[in-house]
There are 2 protein chains.
Amino acid sequence: MSTALSAIERFSRYQSDDAQSVEPVHCPVRDVLDCIGDKWSILMIMTLATRPHRFSELRRAIRDISKRMLTQTLRDLERDGLITRHVFPTKPPSVEYRLAPLGQTLLEPMANLIDWADRRYSEIHAARASYDGAPGDVPR
Amino acid sequence: MSTALSAIERFSRYQSDDAQSVEPVHCPVRDVLDCIGDKWSILMIMTLATRPHRFSELRRAIRDISKRMLTQTLRDLERDGLITRHVFPTKPPSVEYRLAPLGQTLLEPMANLIDWADRRYSEIHAARASYDGAPGDVPR
DNA sequence: CGGAATCCTGACAGATACTG
DNA sequence: CAGTATCTGTCAGGATTCCG
């Protein structure tokens, strides 16, 4: 618990009560959420982290994503410059997606987050079970 | 670009094609998304990072959150053990929310992510503008 | 003040069918 | 193979009202 917490200090400035400037101010938290805050983006980026994937490979890798959402998520990530799309004009068309340089820079902070989830998983679910088990404390 | 990328290696095991075990396997990415993947959780945690807040303080700090979503997000975070809720039985009731120890551990990885957003913000929006400006390249 | 309950709407996302 | 198009249901989430 030490480094990079400067982000919090910077963030807190967006929140100061005297900064009620009806906000044209721009909040970085919103940005990161707009990019990877949806259901599939993180999954997608993690999958592409190891190697490039074709469209159908991604479907198999993620499995419970629909063709529609796969396409849409890929488009959004491409739009934000996080991944790139390469079309090979073979007989049955073939498309390869890979992490763009910008996307690579996202790997480390994201891996830290996954790491946290890995380590704290049990605590979270313990808390959840406890909360669900005793909502105010069950009488009988 | 070096440390903690082990999370990616671990993650990739969930994705290996031979692991088509119809998955009772548990994916940590889903967990972290279930906890803080929604629209308000990260905002909330960042706000509580600096100091405890009362219900109405949180409303002012986040501003465009509805009372409903504020309550719901707070309940979810409390349920997961990330924040704690303290009721003071004053005349008009007063409730204070603060980051639980478990929530504190989330601060550093999350701050890293915010930091990334801060630094890469311009690149992302440049990519976005470029993509929107030339969707295949406009003929006229 | 800090919620809970109810109603209501639109954006999201699944299923299906078609195309280059 | 890698999408697009349409249609439809679901449900997140805003507005409003009531309560302790």
Side-chain angles (χ1 to χ4, degrees), chain A residues 17 23 29-30 33-44 47-48 51-80 83-98 131-132 134-138, chain B residues 17 23 29-30 33-44 47-48 51-80 83-98 131-132 135-137:
Chain A
D17 288 350
E23 62 185 303
V29 182
R30 305 286 181 149
L33 285 178
D34 283 348
C35 290
I36 57 163
D38 67 280
K39 189 176 182 184
W40 303 109
S41 292
I42 293 188
L43 244 21
M44 204 82 78
T47 302
L48 291 179
R51 62 175 177 82
H53 280 66
R54 295 182 47 183
F55 187 85
S56 43
E57 285 180 317
L58 284 172
R59 284 201 76 184
R60 275 191 299 278
I62 303 195
R63 270 197 225 79
D64 51 344
I65 192 174
S66 70
K67 213 159 37 160
R68 187 186 204 279
M69 289 316 295
L70 180 54
T71 301
Q72 183 175 308
T73 306
L74 286 170
R75 287 291 175 278
D76 289 344
L77 292 176
E78 186 194 0
R79 176 173 178 247
D80 289 343
I83 67 176
T84 55
R85 179 173 181 268
H86 303 277
V87 182
F88 299 100
T90 54
K91 333 268 223 47
S94 160
V95 181
E96 190 180 85
Y97 294 91
R98 59 175 68 209
Y131 187 92
D132 292 345
D137 173 60
V138 277
Chain B
D17 288 349
E23 60 184 304
V29 181
R30 306 285 182 150
L33 285 178
D34 282 348
C35 291
I36 59 163
D38 66 280
K39 190 176 182 185
W40 302 110
S41 291
I42 293 188
L43 244 20
M44 205 82 77
T47 303
L48 291 178
R51 61 175 177 84
H53 280 67
R54 296 183 46 184
F55 187 85
S56 43
E57 285 180 318
L58 284 171
R59 284 201 76 185
R60 275 193 298 278
I62 304 196
R63 271 195 221 80
D64 51 344
I65 192 174
S66 69
K67 209 159 43 158
R68 187 188 205 280
M69 289 316 295
L70 180 53
T71 301
Q72 183 176 308
T73 306
L74 287 170
R75 287 292 174 279
D76 289 345
L77 292 176
E78 187 195 359
R79 185 178 115 121
D80 289 342
I83 67 175
T84 55
R85 179 172 181 268
H86 303 276
V87 183
F88 299 100
T90 55
K91 332 268 224 48
S94 161
V95 181
E96 188 180 86
Y97 295 91
R98 60 176 68 209
Y131 187 93
D132 291 345
D137 174 60

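Note that these values count all heavy atoms, side chains included, but never hydrogens, waters or copies made by symmetry. Owing to the predicted nature of the structure, the values given are computational and were not obtained by experimental measurement.
Neither OP1 nor OP2 of D/dC1 sits under 4.0 Å from any side-chain N or O of A/R59. Listed pair A/T71 / D/dA2 fails the phosphate criterion, with no side-chain N or O lying under 4.0 Å from OP1 or OP2. Close to C/dG2, at under 4.0 Å from its OP1 or OP2, lies a side-chain N or O of B/R54.
Between the CD atom of B/E57 and the C1' atom of C/dC1 there is a distance of 12 Å, given to the nearest Å. Separating the CG atom of A/L74 from the P atom of D/dT4 is a distance of 10 Å, rounded to the nearest angstrom. For B/D76 and D/dG13, the CG to P distance is 10 Å, given to the nearest whole Å. In this structure, OH of A/Y97 is placed 11 Å from C1' of D/dC1, rounded to the nearest angstrom. Between A/L70 atom CG and D/dC1 atom C1' the separation is 13 Å, expressed in whole Å. One atom, CG of A/L58, and another, P of D/dA2, lie 9 Å apart when rounded to the nearest Å. If you take CG of B/D38 and P of D/dG14, they are 12 Å apart, rounded to a whole angstrom.
Taking every heavy atom of both residues into account, B/R54 and B/P93 meet most closely at NH2-O, 4.1 Å.
Residues B/V95 and B/H86 are not in side-chain contact: their nearest non-hydrogen atoms beyond the backbone lie 4.5 Å or more apart. Between A/R75 and A/Q72 there is no side-chain heavy-atom pair separated by less than 4.5 Å. Side chains of A/W40 and A/I62 form a contact here, defined as non-hydrogen atoms less than 4.5 Å apart.
Going from atom NZ of A/K67 over to atom CZ of A/F55 covers 7.0 Å, rounded to the nearest 0.5 Å.
Distance from the side chain of A/S94 is smallest to D/dA2 among D/dA2, D/dG3, C/dG2.
Remark: the A/D76 side chain and the A/T73 side chain contain no N/O donor-acceptor pair separated by less than 3.5 Å.
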Legend entry - Letter per nucleotide, 5' to 3', of nucleotides 10-20 of chain C [B base touched, S only sugar-phosphate touched, - untouched; heavy atoms, 4.0 Å]: ---BB-----B

Inset, instruction - Please assess A/M44 against A/L70 for the test side-chain contact (heavy atoms from CB on, under 4.5 Å), listing each intermediate value before the final yes or no. - result: CA-CA 9 Å; A/M44 204 82 78; A/L70 180 54; 3.6 Å; yes

